[in-house]
Amino acid sequence: MKDTVVEVPRAGRRSTRGRRGRRWGLPVCGVVLATSAALLLVRLTGADAGTPLAVPMALFPCSAVLSVLVLGVTAAVPALRSRGAVAVAAFLAVSHLALLLPRFTAEDRPVPPGSATLRVATLNTGRGGADPHALVELVRRERIDVLALEELPSGGAAALDRAGLQALLPHRELHPEYDSSLYSRRPLSHGGTTRADTAWPQTTAETTVGGRAVRFVAVHTYYPLGDAGRWTRDMTALASLARRGGSDTVFLGDFNATLDHAPMRTLLAAGLTDTHAELGRGWVRTWPAGHTLVPPLVQLDHVLHGPGLAGVSVGEHTLPGTDHRAVVAELALLPTDRTG
């Protein structure tokens, strides 16, 4: 008997591959869309406040990107084309973008010529692990006026002075026993720690800029992965401080929160502005930094300011020894008749 070779027509092979791709591709797209829909619901309802949902909510911008990708795939790939999938993906993509796009549009807050300015920076030092020489060089290069450091132990403060920070920022309000500290080029006054319902006291002090007293709060909240309820109470306490803080106030540090977290939105509603969003840079990633395989994914570090100030510029810098990126911002004091 002769061997018989039966050749499957090319169209048949394509059809088989298409059915296989549809069998696996559509469920994957469905899982992605279900995840995006869940995060959208949490974002709209604020259900992340005080709950473990705060952890995945940090990735809300990523879910927006995935929704757009699924929309493109289900619309362009014949094997995955489905009216239902396209409709759902389009709805989710538009809904996500409607919430995210405003932070990519810079606010129209012109700064009058000659306005007094100050340059501020914040860095979570990773329990003092940040390279002191690199940090001092950042302060020198960026001409920092006020520096907030989180997770700074006594040994870390001493290492910074040995690296030359004392000469650049001689005035300081140090509280290594409480986690955060403030350094300043100008004299500080009314220093101490906040008396608020936070996991640990937050360091605070004032300095005079352009004849006006500007109050700084070096922020480091609890983290939602450890205790979402405690983290929410920290953010609520900061919002209470912001309401009483006046227009010339700057909250800067590691908030363990993104702009999509409900407690952060409550804090901003208390009269503060996020400098990144104000300048149209609404999806910056500051954590985790310094890893070869995992890039920064979320923004936990912020510079927030009251209505008496306006953001001029903002940027991020990676320093060795810590898993947070430093945030550097320039702020301008607005005329008093425009701060209301």
Side-chain angles (χ1 to χ4, degrees), residues 119-140 142 144-207 214-223 225-227 230-231 233-235 237-238 241 245 249-257 286-290 300-304 317-328:
R119 295 181 63 81
V120 304
T122 178
L123 174 69
N124 183 319
T125 69
R127 299 180 182 178
D131 185 306
H133 294 282
L135 179 51
V136 170
E137 176 57 29
L138 175 70
V139 170
R140 179 183 294 109
E142 295 294 327
I144 301 302
D145 296 305
V146 177
L147 172 67
L149 296 179
E150 302 83 54
E151 292 191 12
L152 181 68
S154 299
L160 286 170
D161 280 344
R162 288 194 298 270
L165 190 61
Q166 173 75 38
L168 297 174
L169 303 177
H171 308 283
R172 59 272 311 271
E173 184 70 31
L174 303 183
H175 289 280
E177 73 279 14
Y178 290 141
D179 185 276
S180 63
S181 294
L182 284 165
Y183 291 80
S184 175
R185 193 179 301 275
R186 301 178 175 88
L188 293 172
S189 63
H190 300 88
T193 56
T194 59
R195 298 179 180 179
D197 181 23
T198 50
W200 43 79
Q202 315 284 301
T203 299
T204 182
E206 289 183 2
T207 190
V214 180
R215 172 154 292 277
F216 292 86
V217 180
V219 173
H220 189 204
T221 67
Y222 208 79
Y223 54 106
L225 183 61
D227 186 337
R230 175 69 269 178
W231 165 74
R233 291 196 299 275
D234 280 9
M235 296 294 288
L238 292 177
L241 287 174
T249 305
V250 180
F251 285 60
L252 70 171
D254 175 8
F255 292 76
N256 278 307
T286 65
W287 181 90
L300 303 181
D301 307 271
H302 304 262
V303 174
L304 313 181
H317 303 265
T318 301
L319 300 181
T322 176
D323 59 350
H324 286 256
R325 302 185 75 195
V327 174
V328 174

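All values below come from the heavy atoms of this structure, side chains included, with hydrogens, waters and symmetry mates left out. Just so it is clear, the structure is predicted and the values come from calculations on it, not from any experiment.
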Query - Residues that T286 engages under side chain to side chain donor-acceptor pair (under 3.5 Å), provided they are two or more places apart - result: D301
**Report entry** Side-chain heavy-atom pair D197, R230 within 4.5 angstrom cut-off
**Finding:** yes
Requested in this report: Measure from the side-chain N and O atoms of R140 to the backbone N and O of L168, and report whether any donor-acceptor pair falls under 3.5 Å.
Outcome: no
**Report entry** Spacing of F251 atom CZ and R215 atom CZ [to the nearest 0.5 Å]
**Finding:** 9.5 Å
Report task. Can you sort out the partners of T125 under side chain to side chain donor-acceptor pair (under 3.5 Å), two or more places apart, ordered by chain and number? Result -> none
Query raised in the report: Does CZ in R127 sit with more than 12 non-hydrogen atoms of other residues, nucleotides or ligands closer than 6.0 Å?
Result: no
Report summary line: Applied to residues 155-169, the side-chain hydrogen bond (donor to acceptor under 3.5 Å, both in side chains) test, sequence neighbours excluded, yields D161-R172, Q166-R172
Query - Separation between NE2 of H133 and CG of L160, rounded to the nearest 0.5 Å - result: 9.5 Å
Report task. State whether the side chain of D131 and the backbone N or O of P320 hold a donor-acceptor pair below 3.5 Å, judged by distance alone. Result -> no
Query raised in the report: Minimum heavy-atom separation for S180 to P201, with atom names?
Result: OG-O, 4.5 Å
Requested in this report: Determine the sole option in V328, V219, V250 for which the side-chain contact (heavy atoms from CB on, under 4.5 Å) test with V303 is passed.
Outcome: V250
Query - H324 vs E150 side-chain heavy atoms within contact, under 4.5 Å - result: no
**Report entry** Point-to-point distance, once rounded to the nearest 0.5 Å, from CZ of R325 to OG1 of T122
**Finding:** 13.5 Å
